[in-house]
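I have placed the structure first, in the form of C-alpha cells, so that the comments after it can refer back to it.
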Amino acid sequence: MKKLCFLCAVMCCMAFIANSNTPVKSQDGWGEWFVVNSRYEGIVCRVKRGDFNNYARKWHWEFQFENRYSQDVSFGYGYRSQAQKYNCVTDRGKTLQAGDASDVTAALIDESGSVRVCVDNVRFR
C-alpha cells in the first residue's frame, strides 16, 4: 500500500511540475525507480533517505540512476530541497552504458520528507 501511494504521488506530481523537476517523498530503503524527465523515459532514478547529520543539520540522501535505453547516454542531473524556491540546477553529470545503473551518489539536503530530482542536457552516444 505504501508503494502504491508513493507511485501515485510521484505520478501526480510529475503531471503538474515543469522544468523537469520531479519531487520524491522519503521512504525506508530504496524507493521505486521513476522517470525523472518525461522527455527521456529511458533514464530512471531511485532515492533513499539516510540518517540526519547533526553537524550539518541536514539529511543524507542517496540517488541512483539507470539507463534503460539500448544505447549509451550522457546527461546532467541535480537535486534540491522541496522547500527551495529556485529551479533545480543540473551541475553534475553522468554517462551510462546501455542497460547500466550508476554508482550511488549522495548529498546532504535540509529536507527530511522529499527532494526534487532533475535531468537535462541528454546526449545519446
For residues [X] and [Y], determine if any side-chain heavy atom of one lies less than 4.5 Å from a side-chain heavy atom of the other.
| X | Y | value |
| --- | --- | --- |
| Lys58 | Asp110 | yes |
| Tyr77 | Val36 | no |
| Tyr40 | Val73 | no |
| Leu108 | Tyr55 | no |
| Thr105 | Lys94 | yes |
| Asp51 | His60 | no |

For the backbone of [Y] and the side chain of [X], can you confirm whether one donor and one acceptor N or O come within less than 3.5 Å of each other?
| X | Y | result |
| --- | --- | --- |
| Asp72 | Arg125 | no |
| Asn67 | Gln97 | yes |
| Glu62 | Ala106 | no |
| Arg49 | Gly113 | no |

Might you point out which heavy atoms bring [X] and [Y] nearest each other, and give the distance in Å?
| X | Y | value |
| --- | --- | --- |
| Val89 | Cys118 | N-SG, 4.2 Å |
| Arg80 | Ile109 | C-CG2, 4.3 Å |
| Trp59 | Gly50 | CE3-O, 3.4 Å |
| Gln71 | Ala98 | N-CB, 3.6 Å |
| Val47 | Cys45 | CG1-SG, 4.2 Å |
| Ala101 | Leu96 | C-CD2, 4.0 Å |

For the atom pair [atom1] ([X]) and [atom2] ([Y]), what is the distance rounded to the nearest 0.5 Å?
| X | Y | atom1 | atom2 | value |
| --- | --- | --- | --- | --- |
| Asp120 | Phe75 | CG | CZ | 10.5 Å |
| Lys48 | Trp30 | NZ | CH2 | 5.5 Å |
| Trp61 | Ser81 | CH2 | OG | 9.5 Å |

*asked:* Using 30° and 60° as the class boundaries, would you call the ring planes of Phe63 and Tyr79 parallel, tilted or perpendicular?
replied: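 Ring orientation, 0 to 90° scale: parallel.
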
